[in-house]
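Step one of this worksheet: look at the structure below.
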Amino acid sequence: MEKNIEIFIKTDYIKLGQLLKYLGLISNGSESKFFLFNNKILVNNEPENRRGRKIYNDYLVTINTTTYIVKKG
């Protein structure tokens, strides 16, 4: 079952690795590479595996079956 969840950031962007930590999917940055390798990650419907990818306002980040809509606010 797919879910859409809005998340709010206070900065202009957040890096993908930081977003994973913010969501509680990893506990520290060193886990991000392993997580990205073992899960299906899409940024705006394009496959992504770079933990440094910048995520801006209105980007869609899909992690397996959950889509996060990033909003600045």
Side-chain angles (χ1 to χ4, degrees):
M1 179 177 172
E2 277 195 35
K3 293 191 268 182
N4 292 330
I5 301 171
E6 281 190 347
I7 59 167
F8 296 90
I9 60 172
K10 296 182 186 216
T11 56
D12 289 335
Y13 66 87
I14 187 170
K15 292 182 180 179
L16 183 56
Q18 294 170 322
L19 179 65
L20 296 174
K21 189 173 174 183
Y22 175 77
L23 295 171
L25 299 172
I26 60 173
S27 58
N28 60 56
S30 64
E31 296 175 3
S32 61
K33 189 174 183 178
F34 181 79
F35 185 90
L36 292 169
F37 181 76
N38 289 297
N39 292 275
K40 182 180 175 185
I41 312 289
L42 302 174
V43 175
N44 293 334
N45 297 315
E46 296 289 328
E48 187 57 70
N49 63 359
R50 297 173 293 163
R51 65 182 181 184
R53 169 72 189 265
K54 293 179 181 177
I55 309 297
Y56 292 94
N57 184 48
D58 290 328
Y59 272 35
L60 301 176
V61 179
T62 303
I63 302 170
N64 298 317
T65 60
T66 303
T67 299
Y68 297 92
I69 305 159
V70 177
K71 297 288 184 183
K72 185 176 177 186

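Note that the coordinates shown come from a computational prediction; the quantities given were computed from them, not determined experimentally.
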Discussion item. Set out, in order, the CA-CA distance, both residues' side-chain angles and the distance that settles side-chain contact (heavy atoms from CB on, under 4.5 Å) for Asp12 and Lys72, then state yes or no.
Written reply: CA-CA 7 Å; Asp12 289 335; Lys72 185 176 177 186; 2.6 Å; yes
Practice prompt. Could you go through the side-chain contact (heavy atoms from CB on, under 4.5 Å) check for Leu20 and Leu36 one step at a time?
Written response: CA-CA 9 Å; Leu20 296 174; Leu36 292 169; 4.1 Å; yes
Discussion item. I'd like to know whether Leu23 forms a side-chain contact (heavy atoms from CB on, under 4.5 Å) with Ile5, so could you lay out the CA-CA distance, the side-chain angles of the two residues, the decisive distance to 0.1 Å, and finally the verdict.
Written reply: CA-CA 11 Å; Leu23 295 171; Ile5 301 171; over 6 Å; no
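From Thr66, atom OG1 reaches atom CG of Asn4 across 8.5 Å, with rounding to the nearest 0.5 Å. Note: Thr62 OG1 to Asn39 CG = 12.5 Å, rounded to the nearest 0.5 Å. The CZ atom of Arg50 lies 11.5 Å from the NZ atom of Lys15; values are rounded to the nearest 0.5 Å. Here the straight-line distance linking atom OG1 of Thr11 with atom NZ of Lys54 works out to 10.5 Å at 0.5 Å rounding. Atom CG of Leu16 is separated from atom OH of Tyr59 by 12.0 Å, given to the nearest 0.5 angstrom.
For the residue pair Arg51 and Ser32, the shortest heavy atom distance occurs at CD-OG, 3.1 Å. Smallest separation of non-hydrogen atoms from Gly17 and Ile26: O-CD1, 3.9 Å. Residues Ile63 and Tyr68 share a closest heavy-atom pair of CD1-CE1, 3.8 Å. The two residues Glu48 and Arg53 come nearest to each other via the heavy atoms OE1-NH1, 2.8 Å.
Around CZ of Phe8, the count of heavy atoms belonging to other residues, nucleotides or ligands within 6.0 Å exceeds 12. Around atom OH of Tyr13, no more than 12 heavy atoms belonging to other residues, nucleotides or ligands sit under 6.0 Å away.
Counting only heavy atoms from C-beta outward, the side chains of Lys71 and Ile9 never approach each other to under 4.5 Å. Side-chain contact between Pro47 and Leu42 is present, with heavy atoms from C-beta onward closer than 4.5 Å.
With Val61 as the fixed residue, the side chain to side chain contact (heavy atoms under 4.5 Å, CB included) test singles out one of Ile69, Ile55, Ile7: Ile55.
The backbone N or O of Ile14 lies less than 3.5 Å from no partner atom in the side chain of Gln18, so there is not a single donor-acceptor pair.
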